[in-house]
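Report on the structure given below.
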Amino acid sequence: MRRLALIGWALSACATSVGPASTPQEPAALDAQRGGAPADTPAPLPVSAATADVVDTVPGVVPPKDEPYLLPLPEVAERMQGVAMRAANVSSNDCLQQLRTGQLPFARVGAADGVATPVRMQGPLGDVDFRVPPPKTPFGVLDCRLALALNELSPVLRAHEVRSLRIDSFYRPRAKLPGRKNKKSQHAYGLAADVVSVTLDDGRTLDIERDFHGQMGKPVCGPDAYLDPPTDEAIRLRNLVCELARGGYFHHLLTPNHDQAHRNHLHLDIKRDNRWFSVE
């Protein structure tokens, strides 16, 4: 069924001119934006044997194949053995000790309302450059526990040929969950990161808004995951996100499939005493 749907899309693409990609918005407190509705998915056109290979002729489209993002996610019990649970529940003293012992590039900073152990990133983690907000803004402050999680994220990024990623914000003291005015986002505790792009070893920058190619309300990972169109850039982003979900690196991963406010970034967070996981 996925191959038929993709062939139908390709026939439509051959008959329709495509406009320029939207210009990514310069993010600033991205989660504050809400609204929008999922676009309807066009029904695939009828397919005949004569058009069975047309997808191979459409520029930028990758024919269907077995990709890691299509694998089912493991049970919660397995994901609870991952990074998010270990990092989120460490004490402040133990966390700082781990930063010192590992000689990780984080420096303790002054008090930040809501952040238990505020630090700032001072350099790359492993071979990955994290492009973070400048010191003149509060958005570059993060809790020590998130720093530990990001350190364990670095080898995964390198395995996916990511050499740098851009983070719009960690800390936003007034960030709230949508529709719940009295419930703070993990950004308010310095325990969330908004990733707007990643740059690969080959020099390509994968912009979340331009290249994720998801659709609101559709599954992000698993056999029913949806890409439109399934370009190489979209598949790379999806495989990365789903590996993070599969390995329990973060408690909650929100993508452009979640809602309009997340159309241009990936939200990654951890939470103390959390017992469930989501990728949307």
Side-chain angles (χ1 to χ4, degrees), residues 1-16 18-19 21-22 24 30 33-47 51-76 79 160 162 178 194-198 200 204 206-247 249-250 252-268 276-280:
M1 289 300 292
R2 279 192 294 276
R3 180 173 178 84
L4 293 179
L6 178 57
I7 292 170
W9 173 88
L11 290 172
S12 299
C14 289
T16 307
V18 180
S22 59
L30 292 169
Q33 304 172 28
R34 292 287 150 188
D40 293 333
T41 304
L45 297 176
V47 178
T51 61
D53 294 325
V54 70
V55 292
D56 296 326
T57 69
V58 180
V61 175
V62 180
K65 57 183 178 179
D66 294 332
E67 292 288 348
Y69 76 85
L70 293 169
L71 295 172
L73 292 175
E75 298 295 329
V76 170
R79 285 183 271 173
H160 285 260
V162 174
D194 284 344
V195 177
V196 296
S197 66
V198 301
L200 305 178
R204 284 182 294 167
L206 310 186
D207 179 88
I208 302 305
E209 182 169 23
R210 182 189 65 216
D211 297 318
F212 193 79
H213 293 176
Q215 190 173 78
M216 281 185 284
K218 298 291 186 179
V220 176
C221 306
D224 296 323
Y226 182 82
L227 287 177
D228 182 20
T231 61
D232 179 65
E233 291 82 1
I235 290 173
R236 282 175 175 269
L237 286 172
R238 195 63 65 93
N239 282 340
L240 173 59
V241 167
C242 294
E243 180 169 347
L244 298 182
R246 187 170 293 110
Y249 284 85
F250 298 94
H252 305 297
L253 297 91
L254 303 181
T255 78
N257 284 30
H258 182 61
D259 61 11
Q260 179 68 9
H262 292 82
R263 70 190 182 282
N264 54 6
H265 67 285
L266 305 174
H267 169 98
L268 317 174
W276 62 287
F277 296 80
S278 66
V279 53
E280 302 175 4

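Reckoned from all heavy atoms, side chains included, excluding hydrogens, waters and symmetry mates.
Considering CD of Q260 and NE2 of H258, their distance stands at 12.0 Å, rounded to 0.5 Å. For the atom pair CG of L237 and CD1 of I208, the computed distance is 4.5 Å after rounding to the nearest 0.5 Å. Within the model, atoms CG of N264 and CZ of R210 stand 12.5 Å from one another, a figure rounded to the nearest 0.5 Å.
A donor-acceptor pair under 3.5 Å is formed between the side chain of R246 and the backbone N or O of P68. The main-chain N or O of Y69 is found under 3.5 Å from a side-chain atom of N239 such that the two form a donor-acceptor pair. Under a 3.5 Å cut-off, the side chain of H213 and the backbone N or O of P229 do form a donor-acceptor pair. Under the 3.5 Å distance criterion, the side-chain polar atoms of R238 are left unmatched by any main-chain donor or acceptor of L70.
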What's the verdict on side-chain contact (heavy atoms from CB on, under 4.5 Å) for D194 and L266, showing C-alpha distance, side-chain angles and the deciding distance? CA-CA 5 Å; D194 284 344; L266 305 174; over 6 Å; no
Go through H262 and E280 one step at a time and tell me if the side chain to side chain donor-acceptor pair (under 3.5 Å) criterion holds. CA-CA 10 Å; H262 292 82; E280 302 175 4; over 6 Å; no
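Using a 4.5 Å heavy-atom threshold, the side chains of N257 and F212 count as touching. H160 is not listed as a side-chain neighbour of R236, based on a closest heavy-atom distance of 4.5 Å or more. The shortest side-chain heavy-atom distance between L268 and L253 falls under the 4.5 Å cut-off. R79 places a side-chain heavy atom less than 4.5 Å from the side chain of L73.
The shortest heavy-atom contact between F250 and F277 is O-CD2, 3.4 Å. Here the closest non-hydrogen pair linking C221 and V279 is SG-CG2, 4.2 Å. Across all their heavy atoms, S197 and D207 have their closest contact at CB-CA, 4.1 Å. Looking at every heavy atom in both residues, S278 comes nearest to H252 through OG-ND1, 2.8 Å.
Electrostatic pairing of R204 and D211 does not count as a salt bridge here, judged by no charged N lying under 4.0 Å from a carboxylate O.
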